[in-house]
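All values reported here derive from a predicted model rather than from experimental measurement.
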Amino acid sequence: MRKPVELAGHALDRSTLPLLFTLGLGVFAGALDLGVLSPALPAIGVSFGVPTGDLAWIFTLYLLVTVVSIAITSTLADRYGRRPVYIGCVLTFALGSVIAVFSPNYGIFLLARAIQAFGAGGIFPVATAAIGDAVPANRRGAALGLVAATWGVAAIIGPTFGGIVTHFISWRWIFAANFPLAIVVTYLATKHVPVNAPRVRGPLDVVGLSLLSLGLLALMFGLSRPSIWSLVLAAVLLLGFAAWERNSVSPVIAPVLFTNRQLTKTYALEVVIGMLEGALFFIPTVLVVAQHLSYAAAGLIAAVGALVFVAVIPISGRMLDRIGSRDVLLIGGLFTEIGLVIFALGFGSLWLSILAMLVAGIGFGALLGAPTRFIVTNETTAVTRSTAVGLLSQFLIMGQIVGASIAGGIIGIAANDLRGFKTAYEIFAALAVLAMLIAAMLKSRKAEQLKPQP
């Protein structure tokens, strides 16, 4: 009889560890690709002759394609099995990395990022589904926690690794690490990832997905340029998307979930939290331009915030039972607000920048940890819970798209004299206040406890 491994208070059978290692390594590769580029942005801009404001497309396009990929790959994995779709996602991610290394211009580089995103976007949801198939319910939480923890590791390693490679070699070789990772993950997946496809979803909502993607693309363009016509087009497309989803057989975003006020407020808060994450993308760029730091040093400072963020996540999770999700989110919003204000006023000072990263890291650790997922799982039944949690991730990504677009647009207007940096982070500080206002409207701890568990 196999001896179980104790993890986070739950026992995991040793037979599942190869599967979890395989899935976790794939998730790590996809997660690393976001943070690793932050300190490399100035070098990429110089290499391709791209203005600072337009560099936001490196992240916003990646996030947009990720939204599309989540919907498509999740459906394919349910129909054709976990293993082939997971391997396909990993290889697609690797293909995009190859193109990124050898990109001759910015357009091709953005195409490479889109290909990478389509692969990376499918890795985590397919991994989650594979765990649901292979791991018993009483051990699933520990398994999901183990795989999800790789995001935190990637958040710490990414900026530092990206800065060092950019400083000593070239930003292009940041992507070289994806090749051996993809080979190892593909080999392991052929042995350990299950093939089964136990469920069949409804038809893919192509019209809804197209309206959402085009609407977000127009919104990205309108915010980063800025362009009033693009914003009008975005509004029309997104309103059309909302109207279409009401009658869709398999909606991308299920309208029924918005009949619950607590869920609606939580989803709105998640969008704002995603927008706040847009503040993180440009921090190394600000440090390089304002303080003339090396790419490696700028990446290391960004990693300080990520380290605090990862350390705070489990603490905020434990605080949920003591003070409730509303108060945890309020504390997170307050620390994020203070950290962003310090950075907006003091990004020309090394020590103030480090202090800002420490304080904001505490705030993001509370906002991006367990609180919103706790609310969603508490407010939904077993029938709608999976869809509701997945929707939370989609709203977070949508917020990230908008936040990065806003930052890119404002920074691009006045980057040469640093006014753009200051204005952008003042706006992000205002968004932190908005997050606190929304959080204050959520249920208290007492009201949460009165909610019957479905």
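- Residues Met275 and Ile406 come closest through the heavy atom pair CE-CD1, 3.9 Å.
- Leu41 is linked by a side-chain contact (heavy atoms from CB on, under 4.5 Å) to Leu55, Ile58, Phe59, Phe282, Thr285, counting only residues two or more places apart in sequence or in another chain.
- Sequence neighbours left out, not one pair with a member in residues 61-70 passes side-chain hydrogen bond (donor to acceptor under 3.5 Å, both in side chains).
- By the ring pair (Phe, Tyr, Trp, His ring centres under 6.0 Å) test, Phe93 is found to be paired with no residue, residues two or more places apart in sequence or in another chain being considered.
- Atom CD1 of Ile273 is separated from atom CD of Gln400 by 10.5 Å, given to the nearest 0.5 angstrom.
- Using bins of under 30°, 30° to 60° and over 60° for the plane-to-plane angle, the ring pair Phe343/Tyr425 lands in the perpendicular bin.
- Across every non-hydrogen atom of Gly332 and Leu367, the tightest pair is C-CG, 3.9 Å.
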Could you list the donor-acceptor pairs under 3.5 angstrom formed between side-chain atoms of residues 175-190 and any protein atom two or more places apart in sequence or on another chain?
from: Asn178; atom 1: ND2; to: Ser97; atom 2: OG; distance (Å): 2.8
from: Thr186; atom 1: OG1; to: Ala182; atom 2: O; distance (Å): 2.7
from: Thr190; atom 1: OG1; to: Tyr187; atom 2: O; distance (Å): 2.5

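- With sequence neighbours excluded, the residues that form a side-chain contact (heavy atoms from CB on, under 4.5 Å) with Ile72 are Val68, Leu76, Phe118, Leu204, Leu209.
- Proximity of Leu212 to Met398: side-chain heavy atoms (C-beta onward) are separated by under 4.5 Å at one or more points.
- Side-chain contact between Ile108 and Asn105 is present, with heavy atoms from C-beta onward closer than 4.5 Å.
- Using a 4.5 Å heavy-atom cutoff, the side chains of Leu214 and Phe241 are not in contact.
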Which pairs would a plain distance check flag for residues 159-173, meaning a side-chain donor or acceptor within less than 3.5 Å of a matching protein atom at least two apart in sequence or in another chain?
from: Thr166; atom 1: OG1; to: Gly162; atom 2: O; distance (Å): 2.7
from: Ser170; atom 1: OG; to: Arg172; atom 2: N; distance (Å): 3.3
from: Arg172; atom 1: NH1; to: Val101; atom 2: O; distance (Å): 2.9
from: Arg172; atom 1: NH1; to: Ser103; atom 2: O; distance (Å): 2.9
from: Arg172; atom 1: NH2; to: Ser103; atom 2: O; distance (Å): 2.9

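- For the atom pair Ile331 CD1 and Ile323 CD1, the distance stands at 4.0 Å (nearest 0.5 Å).
- Under the side chain to side chain donor-acceptor pair (under 3.5 Å) criterion, Asp327 pairs with no residue at all, not counting sequence neighbours.
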Q) Checking side chain to side chain contact (heavy atoms under 4.5 Å, CB included) for the pair Ile99/Leu111: CA distance, chi angles, key distance, verdict? A) CA-CA 8 Å; Ile99 298 173; Leu111 173 63; 5.6 Å; no
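- A ring-centre distance under 6.0 Å is found for Phe395 and Tyr267.
- At a threshold of 4.5 Å between non-hydrogen side-chain atoms, the residues Glu277 and Leu368 count as touching.
- Residues satisfying the side chain to side chain donor-acceptor pair (under 3.5 Å) test with Glu245, not counting sequence neighbours, are none.
- Enclosure of atom OH in Tyr86 by more than 12 non-hydrogen atoms of other residues, nucleotides or ligands within 6.0 angstrom is indicated.
- For Ser325, the side chain to side chain donor-acceptor pair (under 3.5 Å) partners at least two apart in sequence or on another chain are Glu448.
- Ring-plane geometry between Phe48 and Phe109 is classed as tilted, the angle between the planes lying from 30 to 60 degrees on a 0 to 90 degree scale.
- The structure places CG of Leu307 at 13.0 Å from CE of Met357, a figure rounded to the nearest 0.5 Å.
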Q: Show your reasoning for whether side chain to side chain contact (heavy atoms under 4.5 Å, CB included) applies to Thr266 and Leu392.
A: CA-CA 8 Å; Thr266 304; Leu392 194 67; 4.2 Å; yes
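- Applying the side-chain contact (heavy atoms from CB on, under 4.5 Å) criterion to Ile354, with sequence neighbours excluded, gives Ile301, Leu350, Trp351, Leu358.
- The OG1 atom of Thr372 lies 11.0 Å from the CG atom of Leu263; values are rounded to the nearest 0.5 Å.
- When every heavy atom of Ala279 is checked against every heavy atom of Leu340, the shortest pair comes out as CB-CD2, 4.0 Å.
- Contacts of Val288 classified as side-chain contact (heavy atoms from CB on, under 4.5 Å), with partners at least two apart in sequence or in another chain: Pro42, Tyr295, Ala298.
- Atom CG of Leu293 and atom CG of Leu287 lie 5.5 Å apart (nearest 0.5 Å).
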Q) Yes or no on side chain to side chain contact (heavy atoms under 4.5 Å, CB included) for Leu219 and Val402, after CA distance, side-chain angles and deciding distance? A) CA-CA 7 Å; Leu219 182 63; Val402 175; 3.6 Å; yes
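- Within the 4.5 Å cutoff, no side-chain heavy atoms of Leu238 are placed close to those of Leu211.
- Between Glu379 and Lys443 the shortest heavy-atom distance is OE2-NZ, 3.0 Å.
- Once rounded to the nearest 0.5 Å, the distance linking CG of Leu269 with CE of Met441 reads 9.0 Å.
- Evaluation of the salt bridge (Lys or Arg N to Asp or Glu O under 4.0 Å) test over residues 89-117, restricted to residues two or more places apart or in two chains, returns Asp33-Arg113.
- Contact of the Ile375 side chain with the Pro371 side chain is not registered, since no non-hydrogen atoms from C-beta on lie closer than 4.5 Å.
- Nearest approach of Val98 to Phe102, heavy atoms of both residues: O-CD1, 3.2 Å.
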